[in-house]
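First comes the structure, then the notes that go with it.
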Amino acid sequence: MKNAPPRKGPTVAAKPVAERAKRLVVLVSGSGTNLQALLDEIAAVGAEAYGAKIVAVGADRENIEGLARAERAGLPTFVRKVKDYDSREEWDAALAEAVSSYEPDLVVSAGFMKIVGKEFLARFGGRFVNTHPALLPSFPGAHGVRDALAYGARVTGCTVHFVDDGVDTGPIIAQGVVEVRDEDDESALHERIKEVERRLLVEVVGRLARNGYRIEGRKVVIQ
Ligand code: GRF
């Protein structure tokens with residue numbers, strides 16, 4: 001007996017239901033324009049399409065525009081100040097606990113000006129992303145823009161990387177280049193870097209969330 005002809009109907013298997021949007025906790029210390037760029041992109045394309053949603057915003061200080069942006073977006077916020085704890089370790093554990101309570105898939109340090117400690121890295125190592133306003137490994141630390149300018153670098157930029165236990169030393173995910181102009185001062189240069197940085201961060205976080213990734217030594221492979 002001949003095989004029955006294939007039934008008419010969809011020839012392509014139904015698309016699997018999109019994986020849920022990944023959960024992001026964003027940490028800030030200042031104006032929060034990088035946070036805003038993430039919020040704007042997610043609002044524009046939708047969390048499913050972007051691959052991630054922000055579930056909470058944390059800070060190490062109060063009364064900053066970064067927290068105000070989160071509140072305007074209707075997001076829960078939390079503050080853990082170093083000076084409220086007896087030791088840096090206790091602060092680190094409290095920060096880790098607060099972040100953990102929102103069950104993030106990824107944690108994004110978007111201008112968060114504190115170095116996290118052992119406990120935080122034990123919980124979020126390999127899924128803690130930072131953005132730095134220089135081309136690492138050049139000019140790590142709190143004054144990446146000023147240091148590049150003072151050194152006389154002709155190009156600088158920004159680096160999105162995973163955080164490890166050093167200062168801006170973790171595996172690099174992506175970088176953006178910005179030319180230094182003769183007339184630049186720190187603030188003008190930083191503003192131009194931040195334009196590139198915001199786009200890069202939005203792109204990188206979305207790709208990590210949508211595609212998944214693996215870290216092989218110093219190399220980050222986005223699948
Ligand atoms: C960014 O340039 C970040 O790399 C640096 O501080 C800036 C934060 O800007 N550490 P914002 O708070 O996102 O506007």
Side-chain angles (χ1 to χ4, degrees), residues 24-44 50 52 54 56-73 75 77-82 95 99 106-116 120 124 128-151 153 155-164 166-181 184-206 208 220:
L24 308 178
V25 169
V26 180
L27 301 178
V28 294
S29 295
S31 62
T33 63
N34 281 284
L35 164 67
Q36 190 67 54
L38 288 164
L39 287 168
D40 290 349
E41 180 69 10
I42 294 166
Y50 182 65
I54 299 175
V57 174
D60 61 326
R61 61 196 77 183
E62 285 160 334
N63 302 318
I64 54 172
E65 185 58 19
L67 286 175
R69 289 176 194 276
E71 278 153 20
R72 287 199 292 273
L75 291 170
T77 63
F78 58 90
V79 175
R80 296 292 180 276
K81 296 186 224 170
V82 173
L95 181 71
V99 170
L106 285 172
V107 184
V108 181
S109 158
F112 184 63
M113 300 304 284
K114 287 283 181 301
I115 306 290
V116 299
F120 195 94
F124 301 109
F128 184 29
V129 175
N130 180 48
T131 174
H132 178 74
L135 292 174
L136 295 171
S138 293
F139 313 117
H143 304 292
V145 181
R146 187 191 305 174
D147 293 346
L149 203 53
Y151 194 86
V155 292
T156 184
C158 50
T159 303
V160 179
H161 65 99
F162 284 109
V163 179
D164 68 4
V167 177
D168 300 322
T169 52
I172 291 171
I173 310 168
Q175 295 184 296
V177 176
V178 175
E179 278 192 39
V180 179
R181 295 179 185 159
D184 269 337
D185 59 12
E186 184 181 355
S187 136
L189 180 57
H190 199 173
E191 276 314 308
R192 287 207 317 290
I193 291 172
K194 283 175 70 169
E195 283 171 25
V196 175
E197 190 177 24
R198 289 190 281 264
R199 287 197 296 273
L200 191 70
L201 184 69
V202 165
E203 185 211 312
V204 165
V205 169
L208 293 172
V220 178

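Each ligand, and each atom within it, is numbered from 1 in the order the structure gives.
Shortest contact from atom 3 (C) of ligand 1 to any protein heavy atom: E197 OE2, 3.3 Å. With hydrogens left out, the protein atom closest to atom 12 (O) of ligand 1 is G32 N, 2.7 Å, a heavy atom. Summary of contacts: the protein heavy atom closest to atom 9 (O) of ligand 1 is K194 NZ, 3.1 Å.
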Take T159 and Q175, measure what side-chain hydrogen bond (donor to acceptor under 3.5 Å, both in side chains) needs, and give me the verdict at the end. CA-CA 4 Å; T159 303; Q175 295 184 296; 2.9 Å; yes
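Atoms of ligand 1 lying under 4.0 Å from any heavy atom of T33, numbered from 1 in the order shown and given with element: 11 (P), 12 (O), 13 (O), 14 (O).
The closest approach between a heavy atom of T131 and any atom of ligand 1 is below 4.0 Å. Look at G66 and you'll find every heavy atom at least 4.0 Å from all atoms of ligand 1. Using a 4.0 Å heavy-atom cutoff, E65 is absent from the residues neighbouring ligand 1. At least one heavy atom of M113 lies less than 4.0 angstrom from ligand 1.
Polar contact check, G111 against ligand 1: no nitrogen or oxygen pair lies under 3.5 Å apart.
Nearest approach of P133 to T156, heavy atoms of both residues: O-OG1, 4.4 Å.
For the pair L200/C158, a side-chain contact is recorded, criterion being any heavy-atom separation below 4.5 Å from C-beta on.
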Which donor-acceptor pairs under 3.5 Å do the side chains of residues 106-115 make with protein atoms, sequence neighbours left out?
from	atom 1	to	atom 2	distance (Å)
S109	OG	N130	OD1	2.8
K114	NZ	D60	OD2	2.8

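Judged by distance alone, with hydrogens and angles left aside, the side-chain atoms of R192 form no donor-acceptor pair with the main-chain N or O of V180 at under 3.5 Å.
For R61, the salt bridge (charged side-chain N to carboxylate O under 4.0 Å, His left out) criterion is met by no residue, not counting sequence neighbours.
Using a 4.0 Å cut-off between charged nitrogen and carboxylate oxygen, R72 and E65 count as a salt-bridge pair.
Contacts between H190 and ligand 1 below 4.0 angstrom, taking non-hydrogen atoms only, involve the side chain exclusively.
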